[in-house]
Amino acid sequence: MSKLATALRQIDDARQYTLGLLADLPADAWFFMPTPAVTHIAWQVGHISIAQYRLGVAFHREPKPEDAAWLPAGYRELFGRDSTPQADASLYPTPDELLANLNLINSHVTAEIGAISEANLDRPVILPHRFVKTTLDTLLWCSRHESVHAGQIALLRRLHGMRPQW
C-alpha cells in the first residue's frame with residue numbers, strides 16, 4: 001500500500017470510530033459539560049472538522065474562494081485550537097448541522113488529499129506547526145488528532161452515563 005493510501009486509510013479509520021461514538025448520542029449529550037465545565041461533544045465535533053480542513057488542505061495550499069461553500073463561516077472562531085467551549089448551545093450549530101458539516105468537510109478534504117501525488121508527500125507545509133513539517137506528516141497527524149478528540153468524546157459519553165462504544 002502506498003504512503004498516501006495508508007494515510008487516507010488511517011484518516012478514514014479514525015473517522016469511522018468517531019462516527020460510531022456519535023451514532024447513538026441523545027440530543028442532551030451533545031452539549032453536556034462535566035464539572036468543571038471544560039468541553040462538550042459538539043465542540044469536539046466542530047473542532048475535528050476545522051482541524052481536518054487545516055491539516056488536509058490549509059497546510060498544503062492557500063485558501064480558495066470555493067472553500068467557503070463547504071467550510072462554514074465562523075468555524076475557526078468557534079472550534080479552533082484557541083477557542084473556549086461554551087455551555088450555551090445557541091452559540092453553536094445544531095447536532096444535525098455539525099454532523100452534516102463533518103461529513104461535507106471530510107468529503108472535500110479526502111478528495112483533495114487523494115489528488116496529492118506520492119512525490120509531493122515530502123513537500124514542506126506552508127504553515128508552521130510543532131508536529132508536522134511535510135505533507136505526509138500532516139496527513140498522518142490528521143488521523144491521530146481525530147483519535148485524540150474521539151477519546152474525549154468517549155470520555156464525555158461515559159460521564160454522561162452512556163456505555164462505551166466499540
Side-chain angles (χ1 to χ4, degrees), residues 7-61 63-114 127 129 131-132 138-166:
L8 281 166
R9 172 74 186 268
Q10 289 180 3
I11 290 168
D12 185 60
D13 287 350
R15 179 54 48 88
Q16 294 311 309
Y17 182 71
T18 300
L19 292 174
L21 291 169
L22 302 173
D24 64 343
L25 279 181
D28 65 332
W30 281 86
F31 294 96
F32 163 76
M33 292 182 85
T35 303
V38 292
T39 193
H40 48 69
I41 291 172
W43 187 90
Q44 297 293 324
V45 172
H47 180 73
I48 290 168
S49 294
I50 192 67
Q52 186 180 32
Y53 167 76
R54 290 185 48 74
L55 290 166
V57 175
F59 278 83
H60 313 288
R61 67 160 171 81
K64 296 179 183 177
E66 55 267 27
D67 293 356
W70 50 273
L71 183 65
Y75 254 48
R76 191 166 184 188
E77 293 76 20
L78 281 174
F79 303 114
R81 182 186 61 170
D82 295 326
S83 66
T84 301
Q86 302 296 314
D88 183 356
S90 71
L91 299 173
Y92 296 94
T94 67
D96 286 343
E97 291 168 330
L98 287 164
L99 283 171
N101 292 335
L102 183 75
N103 291 326
L104 182 63
I105 290 169
N106 183 63
S107 68
H108 284 279
V109 171
T110 55
E112 287 212 21
I113 291 170
L127 297 173
H129 190 280
F131 295 131
V132 300
T138 64
L139 303 181
L140 296 174
W141 179 244
C142 188
S143 64
R144 292 181 197 131
H145 177 266
E146 182 159 339
S147 295
V148 166
H149 289 281
Q152 293 179 52
I153 292 169
L155 178 60
L156 288 164
R157 286 174 54 90
R158 294 296 296 267
L159 291 171
H160 192 64
M162 298 181 72
R163 296 184 51 76
Q165 196 65 292
W166 304 105

Exercise for the section: Fit a plane to each ring of His145 and His47, take the angle between them on a 0 to 90° scale, and name the class: parallel (under 30°), tilted (30 to 60°) or perpendicular (over 60°). Expected result: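 His145 vs His47 ring planes: tilted.
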
Could you pull out the closest heavy-atom pair between [X] and [Y], with the gap in Å?
X: Ser147; Y: Ala14; result: OG-CB, 3.8 Å
X: Ala69; Y: Leu104; result: O-CD2, 4.3 Å
X: Leu127; Y: Ala58; result: CD1-O, 3.5 Å
X: Arg158; Y: Pro164; result: NH1-CG, 3.3 Å

Atom [atom1] of [X] and atom [atom2] of [Y]: how far apart are they, to the nearest 0.5 Å?
X: Arg9; Y: Gln16; atom1: CZ; atom2: CD; answer: 10.5 Å
X: Leu140; Y: Phe131; atom1: CG; atom2: CZ; answer: 13.5 Å
X: Phe31; Y: Asp88; atom1: CZ; atom2: CG; answer: 9.0 Å
X: Ser49; Y: Arg76; atom1: OG; atom2: CZ; answer: 14.5 Å

Using modelled atom types and a 3.5 Å cut-off, is there a donor and acceptor pairing between side-chain atoms of [X] and backbone atoms of [Y]?
X: Asn106; Y: Leu102; answer: no
X: His160; Y: Leu155; answer: no
X: Asp67; Y: Lys64; answer: yes
X: Asp12; Y: Leu8; answer: no

Exercise for the section: Apply the test side chain to side chain contact (heavy atoms under 4.5 Å, CB included) to residues Ile41 and Leu21: give CA-CA distance (whole Å), side-chain angles for both, the deciding distance (0.1 Å), then the verdict. Expected result: CA-CA 10 Å; Ile41 291 172; Leu21 291 169; over 6 Å; no

Do [X] and [Y] have side chains that approach each other closer than 4.5 Å (heavy atoms only, starting at C-beta)?
X: Gln52; Y: Ile113; value: no
X: Leu99; Y: Trp30; value: yes
X: Arg61; Y: Glu112; value: yes
X: Pro72; Y: Ile105; value: yes
X: Val109; Y: Leu55; value: no
X: Leu98; Y: Leu22; value: no
X: Trp141; Y: His129; value: yes
X: Leu71; Y: Ile50; value: yes

Handout entry: Derivation and outcome, side chain to side chain contact (heavy atoms under 4.5 Å, CB included), residues Leu25 and Met162
Key = CA-CA 9 Å; Leu25 279 181; Met162 298 181 72; 3.6 Å; yes

Practice task
Identify the residue among Trp70, Phe59, Phe79 that makes a ring-ring contact (aromatic ring centres under 6.0 Å, His included) with Tyr53.
Solution key: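 It is Trp70; the other options fail the test.
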
Exercise for the section: Please test His40 against Tyr92 for ring pair (Phe, Tyr, Trp, His ring centres under 6.0 Å), starting from the C-alpha separation and ending with a verdict. Expected result: CA-CA 11 Å; His40 48 69; Tyr92 296 94; 5.0 Å; yes

Exercise for the section: Would you please test Asp24 and Arg157 for salt bridge (charged side-chain N to carboxylate O under 4.0 Å, His left out) and show each step? Expected result: CA-CA 10 Å; Asp24 64 343; Arg157 286 174 54 90; 2.7 Å; yes

Practice task
For the pair Thr94 and Asp96, evaluate side chain to side chain donor-acceptor pair (under 3.5 Å) and give the outcome as yes or no after the intermediate values.
Solution key: CA-CA 5 Å; Thr94 67; Asp96 286 343; 5.3 Å; no

Problem - Between Thr39 and Gln152: side-chain donor-acceptor atoms closer than 3.5 Å - result: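 No, because no side-chain N or O of Thr39 sits under 3.5 Å from a partner of the opposite role on Gln152.
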
Exercise for the section: Report yes or no: do Trp43 and Ser83 form a side-chain donor-acceptor pair below 3.5 Å? Expected result: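 Note: Trp43 and Ser83 side chains meet the donor-acceptor criterion.
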
